[in-house]
Amino acid sequence: MAVGIENTIEARFVEQARNFDIQRVIVKIGSSLLTNNGRGLDRTAIYEWAKQIAKLHKNGVEVLLVSSGAVAEGVVRMNLDERPKKLAALQACASIGQMGLIETWWSALIQHGIQSSQLLLTHDDLSNRSRYLNTTSALTQLLEWRVLPVINENDTITIDEIKFGDNDTLGAMAAAMVNADLYIILTDQEGVFTDNPRHNPHAKMIRQERAMADYLFDIAGDGGKLGRGGMLTKIRAGRLAAMGGCPTVIVSGAIDDVITRVVSGEAVGTLLTTNDEDKIIARKQWLAAHLRMSGSLIVDAGAAKAVVTHHKSLLPVGVAEVRGDFDEGDVVEIVHQDTGERIAVGQVNFSSRDARRVARERTEQFDRILGNNEERVVMVHRDNLALTM
């Protein structure tokens with residue numbers, strides 16, 4: 001972004017920020033803020049954030065909290081000299097530290113009359129359709145009861161190595177899950193800068209930008225010009241939240257009353273915006289990033305050409321074979337029948353059972369096959385489909 005237009009962009013940020021209509025907000029707080037850079041939980045800071053959250057809660061704003069810090073608290077409770085490197089030890093520290101983390105948040109919130117709950121999730125919980133829906137139902141019920149969910153990744157049982165920044169993604173997924181109006185990522189940086197402000201005195205704060213702007217990755221990517229790998233995960237999280245139509249603010253958690261100031265519309269931090277076009281782009285990127293497929297749709301040459309060359313939706317008539325067991329809404333791969341090549345991935349509109357029943361059939365036959373008033377006409381809609389070739 002050219003520095004010369006920074007004032008114009010900041011003015012747009014202020015104008016859009018003043019128009020925030022916040023009924024439901026996700027707040028994610030990183031380990032560096034919560035734990036004094038790894039030296040156990042900063043209870044003073046936690047109680048201060050709880051006071052800000054209580055102000056929103058009192059005014060009818062629903063808040064969900066994504067909180068890191070369990071591993072660091074476990075390290076302190078076990079009197080370890082440093083953060084373990086072995087996965088088993090990291091998982092054990094997460095298990096021990098989670099006790100202190102949730103206890104501290106409960107104590108900080110209950111003094112303001114706010115009941116809280118703990119929700120430990122893995123990425124598998126949110127990629128499985130039925131578990132995703134169950135989690136959404138549980139969160140919805142908690143919010144209806146005016147209970148504040150404290151969400152964390154279930155690091156104790158994760159099969160992958162525990163990586164910094166995973167909770168940024170988890171918060172974005174939670175934002176999409178509950179249709180949040182705003183996602184706030186509290187970090188140890190004031191926001192996103194055009195360069196490392198510690199080394200470049202001319203670096204400027206990016207006050208507002210589209211979440212899908214590619215140059216943001218040039219600033220933060222691969223360790224980033226900011227010198228912190230964590231900013232990359234926040235940019236990615238902003239894109240993921242944009243998929244669900246939720247804007248993101250990346251801002252320093254050390255700013256006084258930062259949560260209430262952001263929600264009230266004050267222009268602090270970096271606002272990543274979204275629109276309908278960006279939502280589709282973000283969704284396609286999210287689909288393309290899926291590593292685990294729930295099943296496969298084997299398509300004929302005509303359907304493959306329609307999808308790849310003409311960017312059409314995949315119709316059931318072009319599906320030659322359905323493989324695997326999946327639910328409606330799961331992510332599946334689309335494979336060319338002749339070459340065996342994966343040409344795309346997408347969210348399927350039918351369960352595997354129904355997909356097999358309508359494969360090779362034309363739309364006018366759906367009512368006869370699936371029952372009256374069947375409204376689904378495509379197997380995978382083009383807006384929910386990402387090409388992989």
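- Through direct or indirect side-chain contacts shorter than 4.5 Å among Ile, Leu, Val, Met, Phe, Trp and Tyr, Leu315 is connected to Val317, Val377, Val378.
- If you run salt bridge (charged side-chain N to carboxylate O under 4.0 Å, His left out) between Asp278 and each of Arg210, Lys284, Arg239, only Arg210 comes through.
- A donor-acceptor pair is defined here as one N or O able to donate and one able to accept, closer than 3.5 Å; no such pair exists between the side chain of Arg24 and the backbone of Asn179.
- A salt bridge is absent between Asp300 and Lys305: the closest approach of a Lys/Arg side-chain nitrogen to an acidic carboxylate oxygen does not fall below 4.0 angstrom.
- Of the possible polar contacts, one joining the Asn275 side chain to the Glu277 backbone as a donor-acceptor pair under 3.5 Å is found.
- In this structure, His381 contributes its side chain and Asp383 its backbone to a donor-acceptor pair below 3.5 Å.
- Between Val25 and Glu62 there is no side-chain heavy-atom pair separated by less than 4.5 Å.
- Under a 3.5 Å cut-off, the side chain of Ser107 and the backbone N or O of Thr104 do not form any donor-acceptor pair.
- The closest donor-acceptor contact from the side chain of Gln189 to the backbone of Gly191 lies at 3.5 Å or more, if one exists at all.
- Between Lys204 and Glu209 no salt bridge is recorded (no basic side-chain N to carboxylate O distance below 4.0 Å).
- Atom OG1 of residue Thr260 and atom NZ of residue Lys55 lie 5.0 Å apart, to the nearest 0.5 angstrom.
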* Asked: Going through the checks in order, is the side-chain contact (heavy atoms from CB on, under 4.5 Å) test met by Phe366 and Glu361?
  -> CA-CA 8 Å; Phe366 287 7; Glu361 298 288 349; 4.2 Å; yes

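- A heavy-atom distance below 4.5 Å is not found between the side chains of Ile151 and Leu65.
- A 4.5 Å side-chain heavy-atom check between Val27 and Leu64 finds every atom pair outside the cut-off.
- Using a 4.5 Å cut-off on side-chain heavy atoms (C-beta onward), Thr194 and His202 make no contact.
- Put simply, the side chain of Arg357 gets close to the backbone of Ile369: a donor and an acceptor are under 3.5 Å apart.
- With contacts defined as side-chain heavy-atom distances shorter than 4.5 Å, the pair Thr274/Met243 does not qualify.
- No donor-acceptor pair closer than 3.5 Å links the side chain of Asp42 to the backbone N or O of Thr35.
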* **Stepwise side-chain contact (heavy atoms from CB on, under 4.5 Å) check, Asp214 with Leu216** => CA-CA 5 Å; Asp214 288 335; Leu216 293 175; over 6 Å; no

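- Leu186 places a side-chain heavy atom less than 4.5 Å from the side chain of Ile259.
- Counting only N and O atoms by type, the side chains of Glu328 and Ser351 include no donor and acceptor under 3.5 Å apart.
- Following chains of ILVMFWY side-chain contacts shorter than 4.5 Å, one cannot reach Ile206 starting from Met212, and the two form parts of different hydrophobic clusters.
- Considering Asn154, Leu139, Asn152, Val150 as possible partners of Leu119, the one that fulfils the side-chain contact (heavy atoms from CB on, under 4.5 Å) test is Leu139.
- Judged by distance alone, the side chain of Arg376 and the main-chain N or O of Asn349 form a donor-acceptor pair under 3.5 Å.
- Counting only heavy atoms from C-beta outward, the side chains of Gln347 and Asp330 never approach each other to under 4.5 Å.
- With Trp105 contributing its side chain and Gly100 its backbone, the two residues share no donor-acceptor pair below 3.5 Å.
- For the residue pair Arg342/His336, the side-chain donor-acceptor check at 3.5 Å is not satisfied.
- When hydrophobic clusters are built by joining Ile, Leu, Val, Met, Phe, Trp and Tyr residues whose side-chain heavy atoms come closer than 4.5 Å, directly or via intermediates, Tyr215 is grouped together with Met231.
- With hydrophobic clusters built from ILVMFWY side chains whose heavy atoms lie under 4.5 angstrom apart, Ile29 shares a cluster with Ile255.
- The cluster map of Ile, Leu, Val, Met, Phe, Trp and Tyr, joined by side-chain heavy atoms under 4.5 Å apart, puts Leu143 and Ile110 in different clusters.
- Thr169 has its side chain out of reach of Arg236: every pair of non-hydrogen atoms, C-beta onward, lies at least 4.5 Å apart.
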* Begin with the C-alpha distance, continue with both residues' side-chain angles, and end with the deciding distance and a verdict on side chain to side chain donor-acceptor pair (under 3.5 Å) for Gln111 and Tyr47. => CA-CA 10 Å; Gln111 72 174 8; Tyr47 274 71; 5.4 Å; no

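- A distance of 11.0 Å separates CG of Leu287 from OG1 of Thr388, quoted to the nearest 0.5 Å.
- By the criterion of side-chain heavy atoms lying less than 4.5 angstrom apart, applied directly or through intervening Ile, Leu, Val, Met, Phe, Trp or Tyr residues, Phe326 is grouped together with Leu370 in one hydrophobic cluster.
- Sorted by first and then second residue, the salt bridge (Lys or Arg N to Asp or Glu O under 4.0 Å) pairs with a member in residues 86-104 read Arg77-Glu103; sequence neighbours excluded.
- A distance of 6.5 Å separates CG in Leu33 from OG in Ser252, rounded to the nearest 0.5 Å.
- A donor and an acceptor atom, one from each side chain of Ser68 and Asn167, are located under 3.5 Å apart.
- Side-chain contact annotation: Gln365 with Arg368, donor-acceptor N/O pair under 3.5 Å present.
- More than 12 heavy-atom neighbours from other residues, nucleotides or ligands sit within 6.0 angstrom of CZ on Arg43.
- A distance-only check finds a donor-acceptor pair linking the side chain of Asp181 to the backbone of Gln23 [under 3.5 Å].
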* Run the salt bridge (charged side-chain N to carboxylate O under 4.0 Å, His left out) check on Lys28 and Glu153 step by step: do they pass? -> CA-CA 12 Å; Lys28 184 267 176 179; Glu153 186 174 14; over 6 Å; no

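- Between the side chains of Gln91 and Asp155, no donor N or O sits under 3.5 Å from an acceptor N or O.
- Annotation: side-chain hydrogen bond (donor to acceptor under 3.5 Å, both in side chains) contacts of Arg356 (sequence neighbours excluded): none.
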* Asked: Run the side-chain contact (heavy atoms from CB on, under 4.5 Å) check on Val178 and Thr140 step by step: do they pass?
  -> CA-CA 7 Å; Val178 299; Thr140 301; 5.5 Å; no

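- Rounding to the nearest 0.5 angstrom, the gap separating the CD1 atom in Ile250 from the OH atom in Tyr183 is 9.0 Å.
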* **CA sep, side-chain torsions, deciding dist, call: Leu41, Leu101, side-chain contact (heavy atoms from CB on, under 4.5 Å)** => CA-CA 7 Å; Leu41 294 176; Leu101 180 66; 3.8 Å; yes

